[in-house]
Amino acid sequence: MPLKFYNSLSRQIEPFVPLHQDAVRLYTCGPTVYNYAHIGNFRAYVFEDLLRRTLKYCGYRVIQAMNLTDVDDKTIRGARAAGQSLDEFTKLFKRAFFEDIKTLRIEPAEHYPAATEHLPEMIELIQRLLDRGVAYRADDGSVYFSIGRYPQYGRLTKIKPEDMRSTGRVRNDEYAKEAVADFALWKAYQEEDGAICWDSPWGRGRPGWHIECSAMSMKYLSPSFDIHTGGIDNMFPHHEDEIAQSEAATGQPFARYWLHCAHLVVDGQKMSKSLGNFFTLRDLLEQGLTGREIRYVLLGGHYRQSLNFSLQSARDARAALQRLDDFAARLRQLPNSTETDAPGIVQPLLERAETQFRQALEDDLNMAEALAALFSLIRDVNRQIDQQTLARPAADATLALLREFDRVLAVLDLDREPAVPAEIESLAEARQEARRQRDFAQADAIRDRLLAEGWLIEDTPAGPRLKPAN
RNA sequence: GGCGCGGUAGCCAAGUGGUAAGGCAGAGGUCUGCAAAACCUUUAUUCACCGGUUCGAAUCCGGUCCGCGCCUCCA
């Protein structure tokens with residue numbers, strides 16, 4: 001079964017066929033670095049990571065570019081408010097972003113181009129649009145894209161300019177535009193920009209929002225590339241405008257597949273600061289959650305479905321991950337033995353799980369189904385272990401498959417055995433001694449003491465196992 | 001007004017024509033000195049509601065109710 005994705009452009013599930021044999025070219029809209037990213041932003045980045053990892057799992061090489069928007073209204077406002085240069089100001093949040101994606105086990109992209117490092121490319125692209133007659137220079141010195149001179153406008157979102165309702169967000173200073181729906185390619189310098197501006201053939205100013213993605217995707221991928229992703233709220237106007245300006249400039253089709261992920265809501269409501277349900281990753285870590293738990297929650301639902309994040313869902317994730325950890329530990333600690341081998345039982349289970357897992361991912365990244373494959377495998381193999389029909393080689397084969405799954409999931413922690421402090425270790429030994437003496441009152445007292453110290457003890461055929469209590 | 005999404009068990013969440021995955025939580029059982037872990041059984045006669053199509057509908061069509069997103073710099 002081939003890889004299939006829901007393409008926002010056609011609004012259908014389509015088989016994925018890359019343009020070039022060598023690699024899949026992927027452009028993912030990245031952060032605006034004016035603040036710490038919040039959990040909703042990370043939903044998108046985790047989705048993009050899932051896409052990237054799935055492509056690789058399916059055998060493709062991936063060239064991914066993710067932009068860093070380091071010049072726009074918000075970064076300018078933030079830098080000026082902080083009394084810093086734009087670079088100083090955005091550097092902090094760029095660094096925070098990279099720390100955060102590491103915490104969430106997001107695999108790095110090949111390219112992280114920053115807008116401010118690509119002014120020549122953007123200026124060149126704007127010039128091409130002027131030369132082609134689809135852009136115009138307004139009286140205020142800004143350059144706008146004319147959707148009136150680009151009849152194909154609206155292909156992605158099916159929005160007709162005349163149907164657009166004006167909201168309060170329309171800037172009242174944009175009287176210079178020929179049509180309300182025209183969008184800025186280059187914004188003429190304004191007083192509130194402070195020292196933040198660049199020279200261009202049209203005077204001082206700064207690039208419009210959309211142009212960076214067009215310029216940088218062309219540079220790092222190519223004028224036509226395979227997949228473009230982002231949050232659903234970026235479909236309009238951002239992605240629509242990217243398509244217009246890119247295709248008008250190059251005459252070539254821009255991205256072939258558009259994948260958009262739905263929003264994350266918190267406790268069933270849109271995240272907002274006033275509701276007190278606005279979380280950065282750092283906020284959640286401070287509340288004692290781990291990056292891995294948050295990743296698991298973000299991975300859990302289908303990307304095109306809105307995802308409800310709550311502290312309850314994080315607690316559920318913790319319990320589910322505990323099951324995964326326990327299973328991995330059980331496989332690792334399975335004693336070497338020859339008499340328990342039951343060949344031919346485990347291999348079909350592994351094959352079935354692998355097939356189900358792969359097919360789920362290939363089916364537009366159906367993670368819920370993929371996880372179901374994983375959990376079914378765990379039950380199946382646990383049953384074999386209980387019945388003592390699983391030998392060391394089969395345990396190793398199972399671990400190897402889990403390792404394969406984890407190339408996509410990146411939540412399993414297969415090799416990490418918790419480091420047990422020496423005093424905890426000796427308490428556990430004292431308990432074993434008490435048990436040997438059949439002094440169970442003493443043994444249970446030690447067990448309670450261990451729990452108070454934050455350690456659970458489990459008696460297994462291979463001896464007691466210590467694990468951190470959650 | 002335009003474009004679009006959704007309502008499946010206590011919670012989360014798959015399933016888009018063939019008789020309801022999976023996770024978490026709960027109940028009972030097996031194992032255990034007791035636990036834990038694991039396993040077994042159990043938890044939706046039913047998928048917001050009303051009609052229709054069909055041998056057959058959570059899935060398709062029409063309508064109703066409810067919730068949500070975007071419509072100029074939100075992932």
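Order of the sequence lines sets the chain letters (A, B, ...), proteins ahead of strands, with each chain counted from 1.
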Check every strand shown and say whether A/Glu48 touches a base, only sugar-phosphate, or nothing at a heavy-atom separation below 4.0 Å.
-> nothing

Separation of the P atoms in B/rU41 and B/rC12, to the nearest angstrom | 26 Å

Examine B/rC70: is either OP1 or OP2 under 4.0 Å from a nitrogen or oxygen in the side chain of A/Asn234? Give yes or no.
-> no

Above 12 or not: heavy atoms from other molecules or residues under 6.0 Å from CG of A/Asp448?
-> yes

Counting side-chain heavy atoms from C-beta on, which of B/rU72, B/rA38, B/rA21 comes nearest to A/Ala372?
-> B/rA21

Can you find a pair of side-chain heavy atoms, one from A/Pro468 and one from A/Trp455, that are under 4.5 Å apart?
-> yes

If you measure from the ring centre of A/Phe440 to the centre of the six-membered ring in the base of B/rG33, is it under 5.5 Å, with the planes under 30° apart?
-> yes

Pick the P atom in B/rG10 and in B/rG26, then give their distance to the nearest Å.
-> 15 Å

When you get a sec, tell me which of B/rA38, B/rG33, B/rC12 is the closest nucleotide to the side chain of A/Arg431?
-> B/rG33

With RNA chain B as reference, determine whether A/Gly231 or A/Ile378 sits nearer its 5' end, using the nearest nucleotide of each.
-> A/Ile378

Gap between atoms CD and P, on A/Glu458 and B/rG33 respectively (whole Å) = 16 Å

Once you round it to whole Å, what is the distance between P of B/rC3 and CG of A/Leu9?
-> 18 Å

Spacing of the C1' atoms in B/rA9 and B/rU43 (rounded, Å) | 8 Å

Parallel under 30°, tilted from 30 to 60°, perpendicular over 60°: which one fits the rings of A/Phe93 and A/Tyr36?
-> perpendicular

Taken to the nearest whole Å, NE2/A/His302 to P/B/rA14 is 8 Å

Using 4.0 Å as the upper bound for N to carboxylate O, is an ion pair formed by A/Arg292 and A/Asp325?
-> yes

Look at the side chain of A/Asp459 against the base of B/rC34 and say whether a donor-acceptor pair falls under 3.5 Å; ignore hydrogens and angles.
-> yes

Determine: side-chain N/O of A/Arg315 to OP1/OP2 of B/rC11, distance under 4.0 Å, yes or no.
-> no

Could you tell me whether A/Leu264 contacts a base, only the sugar-phosphate backbone, or nothing, with contacts defined as non-hydrogen atoms closer than 4.0 Å?
-> base

What about A/Arg447, does its side chain sit under 3.5 Å from the base of B/rA35 through a donor-acceptor pair?
-> yes

According to a strict under-4.0 Å criterion, is A/Arg11 in side-chain N/O contact with OP1 or OP2 of B/rG4?
-> yes

Would you indicate what A/His210 reaches in the nucleic acid, counting non-hydrogen atoms under 4.0 angstrom: base, sugar-phosphate, or nothing?
-> nothing

So does A/Asp444 reach the base of B/rG33 with its side chain, donor to acceptor, closer than 3.5 Å?
-> yes

Taking CH2 from A/Trp258 and P from B/rA75, how many angstroms apart are they, rounded to a whole number?
-> 15 Å

Between A/His38 and A/Phe279, does the ring centroid distance fall short of 6.0 Å?
-> no

Donor-acceptor pair under 3.5 Å, A/Arg435 side chain vs B/rG33 base | yes

A/Arg436 CZ to B/rG33 P, in whole Å, measures 15 Å

Does CZ in A/Arg332 sit with more than 12 non-hydrogen atoms of other residues, nucleotides or ligands closer than 6.0 Å?
-> yes

Looking for any heavy atom pair under 4.0 Å, which part of the strands does A/Asn41 touch: base, sugar-phosphate only, or nothing?
-> base

Could you work out the separation of B/rC31 and B/rC40 based on their C1' atoms and round it to a whole Å?
-> 11 Å

Using atom P of each nucleotide, how far apart are B/rC60 and B/rC47 to the nearest Å?
-> 15 Å

What nucleic acid atoms does A/Arg318 come within less than 4.0 Å of, heavy atoms only: base, sugar-phosphate, or nothing?
-> nothing

May I ask you to say what A/Ile457 touches in the nucleic acid, namely base, sugar-phosphate or nothing, with a heavy-atom cut-off under 4.0 Å?
-> base

Report the distance from atom CE of A/Met235 to atom C1' of B/rG2, rounded to the nearest whole Å.
-> 14 Å

Contact class for A/Gly40 (heavy atom, under 4.0 Å): base, sugar-phosphate, or nothing?
-> base

What distance, rounded to whole Å, do you find between the two P atoms, one in B/rU54 and one in B/rU16?
-> 23 Å

A/Ala443 or A/Tyr303: which one's nearest nucleotide on RNA chain B is closer to the 5' end?
-> A/Tyr303

If we take the P atom in both B/rA25 and B/rA38, what is their distance in whole Å?
-> 10 Å

The nucleotide from B/rA75, B/rG15, B/rA25 with an atom nearest the side chain of A/Ala44 is B/rA75

For the student: nearest non-hydrogen atoms of A/Leu349 and A/Leu377, plus distance | O-CD1, 3.8 Å

